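Everything quoted here is computed from the prediction, not taken from an experiment.
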Amino acid sequence: QVQPVESGGGLVQPGGSLRLSCVASGRASNSGTMAWFRQPPGNEREFVAAIRWNDGATNHAGAVKGRFAISRDKSKNTVYLQMNNLNPDDTAVYYCAATSRYWIVCAMSNKEGYDSWGQGTQVTVSS
């Protein structure tokens with residue numbers, strides 16, 4: 001089973017950038033879907049972005065479209081989330097999730113569709 005491990009969180013000023021990384025240890029095939037979710041303080045976990053491992057198809061939440069970009073490096077078994085033009089509303093714990101299942105793009109945002117979750121990494125946007 002894939003075990004995601006996140007890194008790259010921290011404190012950043014509004015308008016700044018961060019790149020999160022998620023190493024998918026235990027990945028044994030060229031299939032599956034990986035995603036980023038986030039949980040703002042006092043709120044439920046919400047979808048941010050997802051990517052299909054074999055063909056790179058992606059889905060981004062409306063709130064981050066044009067500012068965030070998900071990508072993967074197959075040689076490193078790693079998924080990235082490049083976050084630009086951050087604002088205080090992006091403050092949250094960011095979680096990486098993985099599944100061996102091949103999700104169609106419109107189904108990627110369903111958190112019930114992921115089997116493995118990382119411990120999360122804190123992103124704080126503040127001046």
Looking only at heavy atoms, what is the nearest atom pair of [X] and [Y], with distance?
X	Y	answer
Val79	Arg72	CG2-CB, 4.1 Å
Trp103	Gly113	NE1-O, 2.9 Å
Ala98	Met34	CB-CG, 4.0 Å
Val64	Val48	CG2-O, 3.6 Å

Could you grab the distance from atom [atom1] of [X] to atom [atom2] of [Y], nearest 0.5 Å is fine?
X	Y	atom1	atom2	value
Arg19	Ser7	CZ	OG	9.0 Å
Arg45	Lys111	CZ	NZ	8.5 Å
Arg38	Gln122	CZ	CD	12.0 Å
Met108	Tyr102	CE	OH	7.5 Å
Thr99	Asp115	OG1	CG	3.5 Å
Ser109	His60	OG	NE2	12.5 Å

Taking side-chain hydrogen bond (donor to acceptor under 3.5 Å, both in side chains) as the test, write out the residues that go with [X], two or more places apart.
X	value
Ser126	none
Asn84	Ser17, Gln82
Tyr95	none

Quick check: does any side chain N or O of [X] sit under 3.5 Å from a backbone N or O of [Y], one acting as donor and the other as acceptor?
X	Y	answer
Lys74	Asn54	yes
Thr78	Lys76	yes
Asn59	Val105	yes
Glu6	Gly120	yes
Arg52	Gly32	no

message = If the test is side chain to side chain contact (heavy atoms under 4.5 Å, CB included), which one of Asp90, Thr91, Leu81, Leu18 qualifies with Val123?
response = Leu18
Does any part of the side chain of [Y], heavy atoms only, come nearer than 4.5 Å to the side chain of [X], both counted from C-beta?
X	Y	value
Ile51	Tyr80	no
Asn87	Pro14	no
Tyr114	Thr33	yes

inquiry  = Could you walk me through whether Trp53 and Asn77 satisfy the side chain to side chain contact (heavy atoms under 4.5 Å, CB included) test, starting with their C-alpha distance in whole Å, then the side-chain angles of each, then the deciding distance to 0.1 Å, before giving a yes or no?
reply    = CA-CA 10 Å; Trp53 195 256; Asn77 264 354; 3.7 Å; yes
message = Is there a side chain to side chain contact (heavy atoms under 4.5 Å, CB included) between Asn110 and Phe47? Walk through the geometry before answering.
response = CA-CA 7 Å; Asn110 182 4; Phe47 172 73; over 6 Å; no
ask   = Linking I/L/V/M/F/W/Y whenever their side-chain heavy atoms sit closer than 4.5 Å, directly or via other members, would Phe68 and Val12 fall into one cluster?
value = yes
message = Counting the benzene-type ring for Trp, do Phe37 and Trp117 have ring centres under 6.0 Å apart?
response = yes
